[in-house]
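Structure first, then comments.
Counting starts at 1 for both ligands and their atoms, in listed order.
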Amino acid sequence: MAEPHSRAIRGRLLTFLRAPNGANDPRSYRFFDDGVVLVKDGRIDAAGPAAELTARIAPGTAIDHHGGALIMPGFIDPHIHFPQTQVIASYGAQLLEWLEKYTFVEEQKFADPAHSARNAEFFLDELARNGTTTAVAYCTAHPVSAEAFFAAAHRRNAGMIAGISVMNRNAPSGLLAPGKTAIADSRDLINRWHGTGRQRYAVTPRFAITSTEEQLSALGALLKDFPGVLMQTHLDENLNEIAAIKRLFPDDPSYTAVYRRFGLLGPRSLLGHCIYLEDSEVALLLDTQSVAVFCPTANLFIGSGLFNYGRLKSAGVRIALATDVGGGTSYSMLRTAAEAYKVMQLQGQNFPALAAFDLMTRGNAAALGLEDEIGTVKPGAFADLVVLDACATPAMAHRMEVASTLEEELFVLMTLGDDRAVRQTYIAGRPAL
Ligand code: GUN
Ligand code: ZN
């Protein structure tokens, strides 16, 4: 029976069910050569073979035909810095120097609401151009930066997660919140934005170097007050960073133990980088069900080191994959997967295309605890989708002449693809491009 739908999106439809076992696991995904997604009120009403579902499309419904392109859930970027759109591509420094010389300089400009608003629009446009429909973003220390970001995302009905980067030491005074201000500001922003439309809040200590014990403890207490709120921070990214942590927290057995002591670890905690984890730290992440976020382009660009995916996966630690712009060098999750592949190759590990695409969609959604809402085409989920063309450039089209399987097509997309491969992005059922 035909029912009212705001849109039908038709093409080759792919969605992921679980992390694949090996490079070719047909039970880990569903693929319909001629598939359709039916959208109602911004959500997916049904998705499956066109032959079964076209009878449900009422006459006059807008139908977007995507021919040979692949329709899949939109990408999710679980670690990115919205105030670093003019920090990306900053030359010649490793983490601590890079923060001081470039990042903290740019981030101070976000005290200006007009600068924050302009950058929020640019950032969200750029995510959409790259097929990313949800991101977990660091804002600056200024509440106005988060306000601008959430307001812009809310107007687009895009599901974003963000928080102000809280610091009270070891950064320029313009970015340091005195006393309890940052905690009160975070609490206000949670009350205003967490659960407003599709927006969610992440309590955000930048990293343990830039917060005193008092501040970390207050952030842990804040997190306890709001069980649905997420937590994001950085962990074990760079050797000089770790040496500084040992000086600042001499009595804690490890960097991860510092976060644990202040109640900052848990199933909604996202720890960026996790390169230099000791075995006891792996055990803490596992115990607390915290998420290790792999940021390959940043780890290579800032010269930090190689994330050991195989070690954490076999230990059972939850893993997500992210761009970390502007330490990272691309907004594209396709470029990010390509660099993840290379980081793993350097360690003798494999990263099959099915695993990469599953992680960028369903896997990252699961890392955020949002697997029923995004990263899937299950009925009831938001109609956040990306449409990808594996023949988008001459080099891709030429390579695709000899590709015969879905796995090969996906591998071409992740190895050679970028924003040019994104034909359309849908946010809550509406074209974003
Ligand atoms: N550690 C603390 N702040 C940052 C940041 O902005 N980027 C990266 N890559 N690491 C950090
Ligand atoms: Zn980061």
Presence of salt bridge, Asp252 and Arg260, under 4.0 angstrom: no
Of the backbone atoms (N, CA, C, O) and the side-chain heavy atoms from C-beta on, which set of Leu95 has a member under 4.0 Å from an atom of ligand 1: side chain, backbone, both, or neither? side chain
Under 2.8 Å from the Zn ion (ligand 2), protein N/O/S atoms total 4
Before signing off on this row, confirm whether Gln84 and ligand 1 have an N or O atom pair separated by under 3.5 Å. yes
Contact check: Glu237 vs ligand 1, nitrogen or oxygen atoms, below 3.5 angstrom: yes
Residues Arg311 and Asp279 bridged, charged N to O under 4.0 Å: yes
Identify which one of Leu219, Thr210, Leu176 satisfies the side-chain contact (heavy atoms from CB on, under 4.5 Å) criterion when paired with Val166. Leu219
List the atom pairs, with distances to 0.1 Å, where a side-chain N or O of residues 386-400 and a protein N or O form a donor-acceptor pair under 3.5 Å, not counting sequence neighbours.
from	atom 1	to	atom 2	distance (Å)
Asp389	OD1	Cys391	N	2.8
Thr393	OG1	Met396	N	3.1

For Phe207, the ligand 1 atoms whose distance to one of its heavy atoms is below 4.0 Å: 1 (N), 2 (C)
Side-chain ion pair, Arg206 and Glu107, N-O less than 4.0 Å: yes
Output yes when Glu213 and Arg169 qualify as a salt bridge under the 4.0 Å nitrogen-oxygen rule, no when they do not. no
Evaluate Trp98 for polar contact with ligand 1, using N/O atom pairs at a separation under 3.5 Å. no
When rounded to the nearest 0.5 angstrom, what is the spacing between CE in Met414 and CZ in Phe357? 7.0 Å
The protein heavy atom nearest to atom 6 (O) of ligand 1 is Arg206 NH2, 2.7 Å
Determine whether the side chain, the backbone, both or neither of Thr210 has a heavy atom under 4.0 Å from any heavy atom of ligand 1. neither
Can you name the atoms of ligand 1, numbered from 1 with element, that are less than 4.0 Å from a heavy atom of Asp324? 8 (C), 9 (N)
Applying a strict 4.0 Å limit to heavy atoms, is Glu241 in contact with ligand 1? no
Would you call the rings of Phe123 and Tyr331 parallel, tilted or perpendicular, taking 30° and 60° as the class edges? perpendicular
For atom 1 (N) of ligand 1, which protein heavy atom lies nearest, and how many Å away is it? His234 CG, 3.4 Å
Residues Lys378, Glu373: salt bridge by 4.0 Å N-O rule: no
Would Asp251 and Lys246 pass as an ion pair if we require N to O under 4.0 Å? no
Specify whether His79 and His234 have parallel, tilted or perpendicular ring planes, treating 30° as the upper limit for parallel and 60° as the lower limit for perpendicular. perpendicular
